Each structure stands twice: as C-alpha cells, then as structure tokens.
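Report on the following structure.
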Amino acid sequence: MRVEIWSDIACPWCYIGKARFAKGLADFAHRDEVEVVFRSFELDPGGAKGVTAPVVDMLARKYGRTLEEARGMEEHVASAARAEGLTYRTEGRDHGNTFDIHRLLHLAAARGRQEELLDLAYLANFGEERSVFDPEVLVTLAVEAGLDEAEARAVLADDSAYAAEVRADEREASELGANAVPFFVLDRRYGISGGQPAEVFTRALEQAWAGREVAEPAAVDACEPDGSCAVPQK
C-alpha cells in the first residue's frame with residue numbers, strides 16, 4: 001500500500017502530523033508493506049525568493065494580533081509538538097518561500113534520501129537555530145542527509161531543476177481536492193486532512209488495507225494555502 005503525504009516545511013502541523021502518522025503506522029500490522037512518499041505543497045507560493053520575516057511578526061500581521069498574542073499562538077503549537085516528542089522553538093524562527101526546499105527534496109527522492117532530508121529540514125526549521133531559507137544551510141542539510149554537495153549546489157543554482165516535479169505535485173494536490181496540509185492519500189482511494197491523532201491514522205490504514213471505505217475524520221490541525229494554520233486554544 002502506498003501513502004502519499006502533501007506537506008510544506010513551513011507548516012507546523014505538517015511537522016506534528018508526520019510524527020503522529022509515524023506513530024499510527026508503527027501500530028499498523030502491515031507497516032512493513034507500506035510505502036510512504038512525500039509530495040510538495042507550498043503555503044506561500046507567491047512569496048519572493050530570499051525574502052524572509054520573523055514568524056512571530058508574520059503571525060501578528062496575518063491575524064491582526066499583538067506580538068505578545070502571536071507569541072502565545074506559537075506556544076500553543078509548541079505544546080502540541082512537544083507532546084509528540086518534537087523539538088520546537090518559539091523565538092528566532094523565520095518564514096519565507098519554500099520552493100527551493102521542495103526542489104531539493106525531489107533530488108533527495110531521486111537519490112533515495114527524501115525522508116532523511118525532510119526530517120532534517122523540519123528539525124532545522126522548528127527546533128534549531130538554522131534557517132532553511134539560507135542556501136548554505138540547505139546544502140549542509142543535504143550533505144547531512146547523504147546527498148552529494150556538488151549536486152545539491154547545482155540544483156539550487158538552477159531554478160528550473162526539479163521545478164516541474166514540484167509544480168506537478170501541487171497540481172495533483174489541487175486535483176485531489178487538498179485544501180489544507182498535511183494531506184494524506186492512502187492508495188489513491190482515501191484522503192485524510194490535518195495532523196490527526198495517531199490512532200486515527202492506524203484505523204485509516206487498517207480500513208484501507210481491508211478495502212473498506214474510510215470514515216472521514218474531522219479536518220483539524222492543518223495549514224491552509226493562504227499560509228494560515230489552525231492554532232489549538234486553551
């Protein structure tokens with residue numbers, strides 16, 4: 001069975017949802033027979049390359065909140081991430097266009113190192129003081145994931161490299177009706193939106209494996225194409 005996951009490095013619920021899915025998959029009896037493929041989805045495709053802004057400032061501007069309120073929003077998401085055993089820092093992160101990251105992830109997929117690079121990029125963006133919008137950081141992450149440095153640099157230097165693959169993923173997401181990420185597609189038959197609890201993923205995998213119709217879970221904890229992300233409330 002194949003599971004495809006549309007996500008963006010800038011999406012905190014994609015970071016959390018990936019961890020929850022991994023836990024759900026671990027409890028699935030046929031987990032060793034599941035192929036997981038990660039697909040590209042940009043939350044801010046119109047953002048200018050190389051232009052970044054602090055995440056807290058972006059949240060305050062987008063939601064019309066004070067900086068203090070925006071920091072509180074980040075703390076809520078951080079609590080959800082930490083509950084999954086993930087590192088999440090609420091200060092010092094930046095936000096920007098992720099197209100180059102997705103292009104590099106397609107290179108990693110071609111070399112069999114996609115999930116390794118994805119995990120490193122998530123950790124760098126949400127848990128470490130490394131900006132995934134810095135080309136040199138991306139090259140470092142690529143090397144840490146097992147990619148060739150010269151090849152990674154060549155991809156980043158050529159704006160057309162793997163661009164068609166990223167755009168194809170995004171068109172497919174639209175055709176499948178994905179209006180938020182993370183978006184999970186099981187065997188091209190069932191779709192699940194949002195960073196659902198681990199047990200929801202386990203149940204969906206079991207139902208998909210058995211060929212039964214998967215009950216549509218509530219769409220929660222997701223990021224939408226305008227860049228807005230649902231934030232849990234107290």
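The structure presented is a predicted model; accordingly, all values stated were derived computationally and were not measured.
A salt bridge between Arg111 and Asp148 is absent, with no side-chain N of the basic residue lying under 4.0 Å from a carboxylate O of the acidic one. Glu144 has a carboxylate O that lies under 4.0 Å from a charged side-chain N of Arg130, or vice versa, which qualifies the two as a salt bridge. Salt bridge status for Glu172 with Arg188: present, with a side-chain N to carboxylate O gap under 4.0 Å. Between Lys18 and Glu115 there is a salt bridge, with a side-chain nitrogen of the basic residue lying less than 4.0 Å from a carboxylate oxygen of the acidic one.
Residue Leu205 holds its CG atom at 10.0 Å from CZ of Phe184, rounded to the nearest 0.5 Å. Note that OH of Tyr122 and CD1 of Ile16 are 10.5 Å apart. Values are rounded to the nearest 0.5 Å. Atom OG1 of Thr140 and atom CG of Asp134 lie 8.0 Å apart (nearest 0.5 Å). With rounding to the nearest 0.5 angstrom, the CZ atom of Phe183 is 7.5 Å from the CH2 atom of Trp6. If you take SG on Cys14 and CG on Leu43, they are separated by 6.5 Å, rounding to the nearest 0.5 Å. Thr90 OG1 to Met73 CE: the interatomic distance, rounded to the nearest 0.5 Å, is 13.0 Å.
A donor-acceptor pair under 3.5 Å is formed between the side chain of Arg113 and the backbone N or O of Ala145. With hydrogens and angles disregarded, a donor-acceptor distance shorter than 3.5 Å links the side chain of Arg103 to the backbone of Asp158. With Arg93 contributing its side chain and Arg89 its backbone, the two residues share a donor-acceptor pair below 3.5 Å. The backbone N or O of Ala26 sits less than 3.5 Å from a side-chain atom of Arg31, completing a donor-acceptor pair. Side-chain atoms of Gln196 come within 3.5 Å of backbone N or O of Ser193 as a donor-acceptor pair. Panel note: side chain Thr202, backbone Ala198; a donor-acceptor pair is recorded below 3.5 Å. No donor-acceptor distance shorter than 3.5 angstrom exists from the side chain of Arg153 to the backbone of Val139, with no hydrogens or angles considered. Arg82 places a side-chain N or O within donor-acceptor distance of the main-chain N or O of Tyr88, the cut-off being under 3.5 Å.
The two residues Val132 and Ala124 come nearest to each other via the heavy atoms CG1-CB, 3.9 Å. Looking at every heavy atom in both residues, Ser40 comes nearest to Asp169 through N-OD2, 2.9 Å. Residues Gly211 and Arg189 approach most closely at CA-NH1, 3.8 Å, considering heavy atoms. The nearest pair of heavy atoms linking Glu42 to Pro45 is O-CD, 3.5 Å. Of all non-hydrogen atoms in Cys223 and Trp13, the two that sit nearest each other are SG-CD1, 4.0 Å. In terms of heavy-atom proximity, Val56 sits nearest to Ala70 at O-CB, 3.5 Å.
Looking at Leu117 and Leu141, their side chains come closer than 4.5 Å, going by heavy atoms from C-beta outward. Side-chain contact between Arg71 and Glu91 is present, with heavy atoms from C-beta onward closer than 4.5 Å. You'll find the side chain of Phe133 stays beyond 4.5 Å of the side chain of Asp100, heavy atoms only. Looking at Glu4 and Glu35, their side chains never come closer than 4.5 Å, going by heavy atoms from C-beta outward. With a 4.5 Å cut-off on side-chain heavy atoms, Arg2 and Leu186 do not count as touching. In this structure, the side chains of Tyr15 and Ser7 stay at 4.5 Å or more apart for every pair of heavy atoms. Side chains of Val36 and Leu25 form a contact here, defined as non-hydrogen atoms less than 4.5 Å apart. A 4.5 Å side-chain heavy-atom check between Val34 and Phe28 finds at least one atom pair inside the cut-off.
With sequence neighbours excluded, no residue forms a salt bridge (Lys or Arg N to Asp or Glu O under 4.0 Å) with Glu33.
The aromatic rings of Phe21 and Phe201 sit perpendicular to each other, their planes meeting at more than 60°, with 30° as the lower class boundary. Using cut-offs of 30° and 60° for the angle between ring planes, the Tyr162 and His106 rings count as parallel.
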(Q) One pair to check against salt bridge (charged side-chain N to carboxylate O under 4.0 Å, His left out): Arg20 and Glu199. What are the steps and the verdict? (A) CA-CA 9 Å; Arg20 290 175 175 173; Glu199 57 270 21; over 6 Å; no
Q) Passes side chain to side chain contact (heavy atoms under 4.5 Å, CB included), Glu74 versus Val55? Steps please. A) CA-CA 9 Å; Glu74 273 287 87; Val55 168; 3.9 Å; yes
(Q) side chain to side chain contact (heavy atoms under 4.5 Å, CB included), that's the test. Do Met1 and His30 meet it? Break it down for me. (A) CA-CA 9 Å; Met1 182 165 65; His30 303 282; over 6 Å; no
Q: Start with the C-alpha gap between Val37 and Val3, add the side-chain angles, then the distance that decides, and say whether side chain to side chain contact (heavy atoms under 4.5 Å, CB included) holds.
A: CA-CA 6 Å; Val37 178; Val3 176; over 6 Å; no
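No hydrogens or angles considered: a donor-acceptor pair under 3.5 Å links the side chains of Asp8 and His102.
Cluster membership check: Ile5 shares its hydrophobic cluster with Phe126, using side-chain heavy-atom separations under 4.5 Å among Ile, Leu, Val, Met, Phe, Trp and Tyr. Criterion: ILVMFWY side-chain heavy atoms under 4.5 Å apart, direct or through other members. Under it, Tyr63 and Met58 are part of a common hydrophobic cluster. Both Phe38 and Leu147 are part of a single hydrophobic cluster, where members link through side-chain heavy atoms under 4.5 Å apart.
Stacking of Arg167 on the aromatic ring of Phe99 is recorded, both the 6.0 Å distance cut-off and the 45° axial limit being met.
Screening Asn97, Thr98, Leu104 for a side-chain contact (heavy atoms from CB on, under 4.5 Å) with Ile101, the sole residue that qualifies is Thr98.
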